[in-house]
*Asks:* 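Below: one structure in structure tokens.
Just so we're clear, the structure is a prediction, and the values are computed from it rather than from any experiment. Per chain, numbering begins at 1; letters A, B, ... match sequence-line order.
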Amino acid sequence: MVTRRFVTGNSVLLALVVATALGFDFTNGFHDTGNAMATSIATGALPPRIAVAVSSVLNLLGAFLSFSVAATIASGLVQTHLVTLTVVFAGLAGGILWNLGTWYLGLPSSSSHALIGGVVGATLAGAGGHAVQWHGLTSKVVLPALLSPVIAGLVAVVGTFLVYRITRGVPEELRGRGFRLGQIGSASMVSLAHGTNDAQKTMGVITLALIANGSLGAHAKAPVWVIVSCALAISLGTYAGGWRVIRTLGKGLVEIEAPQGMAAESASAAVILLSSTFGYSLSTTHVATGSILGSGVGRTGAAVRWSVAARMAIAWVLTLPAAGLVGAGSYASAHAIGGTAGTSTVFVVLVACLAGLYLASRRTPVTATNVNSQWSGPPAMARTVPAGATP
Amino acid sequence: MNSWINLDALWKIVVIGLLAGAGLPALFAVGLRALAPATRTADPKAGAVPAPDVPAPELRGKVIAGICFVAVLAAMAWGVYSIVHSG
């Protein structure tokens with residue numbers, strides 16, 4: 001067992017953990033671009049490249065707006081004093097691999113769940129079942145995950161119904177133009193809230209690693225370099241644009257019109273902001289997906305592809321255990337080889353897996369040019385996504 | 001208050017979420033409707049071809065729309081404020 005005393009001051013290991021954490025933050029950004037911008041891209045409210053740029057800047061701003069959550073993501077879920085650098089590293093490995101795998105399949109899935117699953121899995125492997133706070137895990141993670149899409153969906157159904165009812169008879173041109181403007185505003189709020197919530201999770205993880213390493217005191221706050229690097233990583237990730245996920249959210253789930261888009265993003269923004277105000281941790285992805293589904297249900301005559309929704313639901317159920325398995329496996333492998341060499345080996349394997357997924361994604365590329373093409377199935381399943389075709 | 005579900009937070013999120021998340025887009029919609037020329041809403045299916053020169057919205061409509069949009073913007077500003085001061 002790698003004890004805390006053993007790893008204290010191990011700068012190579014610490015560097016690996018920080019690099020992996022920033023890598024996770026990047027995947028978090030690009031996996032979640034769609035939560036804010038998919039509907040605006042789908043309705044043409046913003047050109048794809050502009051949309052991701054706006055979201056990226058707002059994520060960067062959002063990351064500096066508040067630091068209330070930056071303590072640690074793991075508190076209340078695992079016994080934090082049993083968390084070692086190797087556990088943090090293995091947990092991040094699980095989170096990143098799940099994020100990239102679901103991105104390859106074009107499935108929106110919660111980055112926070114991936115991270116929590118990875119850390120819990122690694123903790124189980126490293127310290128055993130007693131180190132996991134199962135009650136906290138159920139009440140803070142599992143139940144909110146079941147409730148959040150329902151709440152956001154309900155708000156979006158009501159909002160969509162109301163906006164269509166109220167604007168009945170308003171000339172199509174005026175209505176489309178007005179709601180596209182409204183969409184930009186509401187999507188910007190979601191981006192800002194995302195930067196605040198999600199960048200802080202990685203700040204918390206790196207701070208946790210620094211504490212585990214003895215570089216910081218037990219109750220220290222995130223140092224400035226951690227805040228700045230996390231904000232930049234999530235912002236760059238957002239700008240890279242997870243086009244595969246954006247496509248599924250904007251085109252795959254529901255054929256979205258501007259009024260639906262505005263209703264969906266307003267519901268997401270309201271529910272995300274309220275939940276952080278009242279201390280209820282919801283996943284941005286679950287909220288955004290629930291809202292988009294709700295906007296499909298709320299408009300009479302809108303087609304909702306329930307098969308796509310079912311695929312997402314399966315991915316959500318699998319997120320915690322799958323990321324947990326990778327986290328546990330990474331920990332076990334690193335521990336079996338031992339020391340810095342073990343962690344470095346797992347790091348190399350992880351990078352190889354990520355490179356493989358990236359190369360596989362090039363066979364059915366989704367980019368800013370074909371993100372809005374006619375839906376013919378999820379990216380990895382469709383033979384080819386028609387390149388450059390206009391919707 | 002239940003140890004598994006934070007019911008207190010939950011009902012607040014649902015109620016205020018409906019007010020803000022569904023109410024604000026509805027308010028925005030009211031504003032848009034006020035901007036729309038009144039003649040077009042009367043009988044859209046009666047075969048009356050839309051007048052080529054669409055009349056500008058009346059002053060009353062513009063004022064109502066302005067109030068609605070300002071209220072929506074104010075709510076967004078409050079949202080940003082709540083992010084900055086959360087916790």
*Asks:* Between A:Val271, A:Leu162, A:Leu174, which shows the greatest number of heavy-atom pairs under 4.5 Å with chain B?
*Replies:* A:Leu174
*Asks:* Please report the interatomic distance OG(A:Ser275) to NZ(B:Lys12), rounded to the nearest 0.5 Å.
*Replies:* 13.5 Å
*Asks:* Under a 4.5 Å cutoff for heavy-atom pairs, which residue among B:Gly23, B:Ala22, B:Ala26 has the most contacts with chain A?
*Replies:* B:Ala22
*Asks:* With only heavy atoms counted, which part of B:Leu10 is less than 4.5 Å from chain A, the side chain, the backbone, both or neither?
*Replies:* side chain
*Asks:* At their closest point, which heavy atom of A:Ile166 faces which heavy atom of B:Val30, and how far apart are they?
*Replies:* CG2-N, 3.7 Å
*Asks:* To the nearest 0.5 angstrom, please state how far the CG atom of A:Leu274 sits from the CG atom of B:Leu19.
*Replies:* 9.5 Å
*Asks:* Heavy-atom distance under 4.5 Å between the side chains of A:Val163 and B:Phe28, does that happen here?
*Replies:* no
*Asks:* Which pair of heavy atoms, one from B:Gly17 and one from A:Ala270, lies closest together, and at what distance?
*Replies:* O-CB, 4.2 Å
*Asks:* Under a 4.5 Å heavy-atom cut-off, does chain A meet the side chain of B:Val72, its backbone, both or neither?
*Replies:* neither
*Asks:* Determine the minimum heavy-atom distance between B:Ile13 and A:Ile151, stating which atoms define it.
*Replies:* CG2-CG2, 4.3 Å
*Asks:* Given heavy-atom pairs under 4.5 angstrom as the criterion, report whether the side chain, backbone, both or neither of A:Arg177 touches chain B.
*Replies:* neither
*Asks:* Please classify the contact of A:Phe161 with chain B as side chain, backbone, both or neither, using a heavy-atom distance under 4.5 Å.
*Replies:* neither
*Asks:* Using only atom types and a distance under 3.5 Å, with no angle test, would you say the side chain of A:Arg175 pairs donor to acceptor with the backbone of B:Arg33?
*Replies:* no
